[in-house]
Structures are given as structure tokens and as C-alpha cells.
Engineer: 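Below you will find the structure I want to go over with you.
For clarity, every value in this text was computed on a predicted model and none was experimentally measured. Hydrogens, waters and symmetry mates play no part in the numbers below; they use all other heavy atoms, side chains included.
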Amino acid sequence: MTQNKEIGCYILYSKKISKYYVGVCQENLSERIEKHNSGFYGKKSYTVITNDWELYLFIPTKTYRMALAVERKIKSMKSRRYIKNLTKYPEMIEKIIKSL
């Protein structure tokens with residue numbers, strides 16, 4: 001496995017349960033997704049409910065602190081439509097990043 005570190009906020013999607021998961025990363029993103037799908041984060045982790053998580057969107061940031069702020073913003077919207085619109089309208093992501 002590669003050791004490329006990727007800092008940013010990611011959104012995963014599960015077709016089985018039709019749900020999104022928003023998280024942050026400061027390691028190799030593909031390894032992080034593998035960990036979610038293998039139950040690595042334990043029984044109390046939200047992602048343990050299924051094992052078909054796929055990357056929906058990755059928003060790279062300069063720092064881990066910025067990634068956390070992006071994650072908080074997306075989670076605060078509590079909206080599937082908002083998450084879908086992030087891919088439709090890239091300017092929304094730019095607006096989030098500029099507001100930090």
C-alpha cells in the first residue's frame with residue numbers, strides 16, 4: 001500500500017443503505033475507505049452498518065483543521081440535497097473554502 005497522504009474532507013456513499021457519510025482524512029484516502037468497509041473503526045462507528053462505502057466526493061484542503069471545518073459545515077446542513085449539489089455546483093465548494 002502506498003503512503004501518499006491526502007488531507008481533506010471526504011463523503012462516502014452506500015448504495016445498500018442509500019446513505020452518505022462525511023469524514024476527514026490526513027492519510028491515504030483509499031486506505032481510509034478500506035478501513036471503513038472492513039469495520040476497522042469498531043462497532044460504535046456509523047460506517048460499520050454496511051461494507052459497500054464508495055467515495056462520492058473528496059474536497060482537498062491545505063490543513064487538517066480546514067478539513068474539520070469543511071466537515072462541520074457539510075454536516076451542519078443536514079441535507080442529502082446539499083451533498084448532491086456539491087458535485088453539481090463546484091462553486092459551492094469554493095465558497096466553503098473561502099469562508100474559512
Engineer: Other hydrophobic cluster members with F40, side-chain heavy atoms of Ile/Leu/Val/Met/Phe/Trp/Tyr under 4.5 Å, chained?
Structural biologist: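 Direct or chained contacts put F40 with Y41.
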
Engineer: Atom CG in N28, atom CD in E6: separation rounded to 0.5 Å?
Structural biologist: 5.5 Å

Engineer: Apply side chain to side chain contact (heavy atoms under 4.5 Å, CB included) to the pair C9 and T61, showing each step before the final yes or no.
Structural biologist: CA-CA 7 Å; C9 178; T61 59; 5.6 Å; no

Engineer: Using 0.5 Å steps for rounding, measure from the CG atom of N85 to the OG atom of S79.
Structural biologist: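 These two atoms lie 7.5 Å from each other.
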
Engineer: Could you list the residues that satisfy side-chain hydrogen bond (donor to acceptor under 3.5 Å, both in side chains) with S45, not counting sequence neighbours?
Structural biologist: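 With sequence neighbours excluded, S45 shows a side-chain hydrogen bond (donor to acceptor under 3.5 Å, both in side chains) to T47, given in chain and number order.
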
Engineer: Side-chain donor-acceptor pairs under 3.5 Å in residues 87-100, sequence neighbours left out?
Structural biologist:
unit_1 : atom_1 : unit_2 : atom_2 : d
T87    : OG1    : Y56    : OH     : 3.3
T87    : OG1    : K84    : O      : 2.8
S99    : OG     : I96    : O      : 2.7

Engineer: Which atom pairs, donor and acceptor, lie under 3.5 Å between side-chain atoms of residues 11-24 and protein residues at least two apart or in another chain?
Structural biologist:
unit_1 : atom_1 : unit_2 : atom_2 : d
Y13    : OH     : S18    : OG     : 3.3
S14    : OG     : K16    : N      : 3.4
S14    : OG     : I17    : N      : 3.4
S14    : OG     : D52    : OD1    : 2.5
S14    : OG     : D52    : OD2    : 3.4
K16    : NZ     : N51    : OD1    : 2.8
S18    : OG     : R80    : NH2    : 3.2

Engineer: I'd like to check the salt bridge (Lys or Arg N to Asp or Glu O under 4.0 Å) partners of E71; sequence neighbours left out, ordered by chain and number.
Structural biologist: K75

Engineer: Residues in side chain to side chain contact (heavy atoms under 4.5 Å, CB included) with R65, at least two apart?
Structural biologist: T63

Engineer: Examine distances only and state if a side-chain atom of N37 and a backbone atom of W53 form a donor-acceptor pair shorter than 3.5 Å.
Structural biologist: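 Yes: the side chain of N37 pairs with the backbone of W53.
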
Engineer: In terms of hydrophobic clusters joined by side-chain contacts under 4.5 Å, are I59 and M77 together?
Structural biologist: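 I59 and M77: one cluster.
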
Engineer: Could you work out, with salt bridge (Lys or Arg N to Asp or Glu O under 4.0 Å) as the rule, every residue matching K35, not counting sequence neighbours?
Structural biologist: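 So K35 forms a salt bridge (Lys or Arg N to Asp or Glu O under 4.0 Å) with E27.
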
Engineer: Count I, L, V, M, F, W, Y as connected when their side-chain heavy atoms are under 4.5 Å apart, and connections chain through other members. Are I33 and I49 then in the same cluster?
Structural biologist: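 Same hydrophobic cluster.
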
Engineer: For the residue pair Y10 and H36, confirm or rule out a side-chain donor-acceptor distance under 3.5 Å.
Structural biologist: yes

